[in-house]
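Input: a single structure, listed below in structure tokens.
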Amino acid sequence: MLRRLILVTGLLLAATLPGRAQDAADLVVRLNRLENQSRQMAGQIETLQYENRQLKEQLRKFQEDVEYRFQESKGARPAAPAAAAKPGKRSDAFDPSQAPGAPGAPLPLGTTTPSAPRAAAAAPATPNTTAALSPPAAALEEPVPPYGEPVDLAPSRVPAAPVRPRESVAATGSGDAKADYEMAYAYVLQRQYEQAEMSLRQFIQSHPRDTLVPDATYWLGETYLQRNRTREAAEQFLKVSTDYARSRKAPDAMLKLGASLNALGAREQACATLAELERKFPQASAAVKQGVDREQKRARCAA
């Protein structure tokens, strides 16, 4: 009887031990997976924290730039430092302007007498030797010396080659300011914002003093805003509202500046910009005023 009980107990233990070992192995595998996931999440959190710090630093610099530009637009420019007093000359110092012919005074270029050329040593020259020592014709016609060589200040007998103008974006314009602007604005209407950006930059570079430059700068900011490049858009709208404050696009640019600042997370600066718009442009259009009310509600500005 006792032998049978021991045998049954042994069989039960043998049947249950493999199952427990399998459960323990599954638990170890799950723990390893959880540890790996925890390490990956910790790395992602550190990366997000670093990017958040970088964005905060960029936003802080941009806010400082906005505040500085607003102070400039209000006339609160910092006073220029006083010019430093020019030290007086010593009475015993040599002044070449008082005695230009005195020994040691500098002479103008070209007034010195050239020294006599050193006599060349007489040596028999064969046709082969002369051909080997004579420089090629291309070297005699080169007007510019190599880099690092001394430059001869005497007038050259060989005429200098004409300088080719450097190619730039402005060189591709048509020369007609109105035509260039209408072509760039057509890209904006067609929602081809990359082409519009290139054409508007070309117009501003080709015609920097044209009366359509404020409009072109505004639409350049709009091309950035439509492509979610909010910071670059805010810079263009800020330029219109400060540098071209008397243009017809200044109220619209200031409205878009407030919306861009709110999108960047600078809610206080956005509310201040919208409030300044109402004070600076009381005669703004009804559409602009409605836009101000809409953006103030969106930014939750204080009444």
Side-chain angles (χ1 to χ4, degrees), residues 51-78 169 181 184-185 187-189 191-205 208 212-282 284-285 287-302:
E51 293 178 353
N52 190 21
R53 287 194 296 269
Q54 294 293 324
L55 290 174
K56 286 183 178 180
E57 182 65 19
Q58 293 178 3
L59 181 60
R60 183 186 63 80
K61 293 181 180 180
F62 182 71
Q63 291 173 357
E64 292 177 355
D65 181 61
V66 171
E67 292 176 358
Y68 178 75
R69 296 290 293 272
F70 271 125
Q71 291 177 1
E72 280 191 342
S73 64
K74 293 179 181 179
R77 291 187 174 87
V169 179
Y181 175 79
Y185 184 64
Y187 286 127
V188 176
L189 296 178
R191 298 183 179 181
Q192 300 180 12
Y193 296 118
E194 293 184 359
Q195 296 292 336
E197 177 192 352
M198 296 176 59
S199 299
L200 289 168
R201 284 188 175 277
Q202 171 187 329
F203 171 80
I204 295 172
Q205 184 178 353
L212 293 173
V213 169
D215 293 33
T217 307
Y218 171 83
W219 290 116
L220 179 61
E222 187 68 22
T223 62
Y224 291 134
L225 190 62
Q226 293 297 329
R227 290 176 290 168
N228 295 326
R229 296 165 61 176
T230 313
R231 179 181 176 83
E232 295 169 281
E235 292 176 354
Q236 299 301 322
F237 294 140
L238 178 63
K239 184 183 297 184
V240 176
S241 59
T242 55
D243 296 349
Y244 308 104
R246 296 184 179 181
S247 65
R248 62 178 182 177
K249 282 295 183 181
D252 300 87
M254 207 163 184
L255 173 61
K256 292 295 181 68
L257 175 61
S260 301
L261 290 173
N262 186 35
L264 290 171
R267 189 177 65 85
E268 295 181 359
Q269 285 75 12
C271 294
T273 301
L274 296 172
E276 180 69 14
L277 191 156
E278 293 180 338
R279 186 195 65 82
K280 192 173 182 179
F281 303 104
S285 63
V288 173
K289 292 181 179 180
Q290 292 176 1
V292 170
D293 295 338
R294 182 179 63 254
E295 294 301 329
Q296 284 178 339
K297 293 178 181 179
R298 182 176 300 174
R300 298 179 182 178
C301 300

Assess the residue pair W219 and Y181 against the criterion (side-chain contact (heavy atoms from CB on, under 4.5 Å)); give the C-alpha distance rounded to whole Å, side-chain angles, the decisive distance to 0.1 Å, and a yes or no.
CA-CA 11 Å; W219 290 116; Y181 175 79; 3.5 Å; yes
Between E278 and Q296, is the side-chain contact (heavy atoms from CB on, under 4.5 Å) condition met? List the steps.
CA-CA 11 Å; E278 293 180 338; Q296 284 178 339; 3.9 Å; yes
Above 12 or not: heavy atoms from other molecules or residues under 6.0 Å from NZ of K280?
yes
Would a distance-only check, ignoring hydrogens and angles, find a side-chain to backbone donor-acceptor pair under 3.5 Å from R227 to T223?
yes
Please indicate whether E268 has more than 12 foreign heavy atoms, meaning atoms of other residues, nucleotides or ligands, lying under 6.0 Å from its CD.
no
For R231, does the CZ atom sit with more than 12 other heavy atoms under 6.0 Å from it, leaving out its own atoms?
yes
Could you report the tightest heavy-atom contact between V188 and A196, atom names first, then the distance?
CG2-CB, 3.6 Å
Heavy-atom nearest pair, V213 first then P208, reads CG2-O, 3.6 Å
Can E57 and R53 be counted as an ion pair, charged N to O under 4.0 angstrom?
no
With side-chain contact (heavy atoms from CB on, under 4.5 Å) as the criterion, how do Y185 and D215 come out once you've worked through the C-alpha distance, each side chain's angles and the decisive distance to 0.1 Å?
CA-CA 10 Å; Y185 184 64; D215 293 33; over 6 Å; no
Flag if over 12 foreign heavy atoms under 6.0 Å of CD, E194
no
Closest approach of A266 and L59, non-hydrogen atoms and distance?
CB-CD1, 4.1 Å
If you take all heavy atoms of T230 and A263, which pair is closest and at what distance?
CG2-CB, 4.0 Å
Would N262 and L274 count as a side-chain contact (heavy atoms from CB on, under 4.5 Å) here? Give the steps.
CA-CA 10 Å; N262 186 35; L274 296 172; over 6 Å; no
Any pair counted as salt bridge (charged side-chain N to carboxylate O under 4.0 Å, His left out), so long as it reaches residues 251-260, sequence neighbours left out:
E222-K256
Nearest heavy-atom pair of R267 and A299: which atoms, and what distance?
CD-O, 2.9 Å
T217 and Q236: which non-hydrogen atoms are nearest, and at how many Å?
CG2-OE1, 3.3 Å
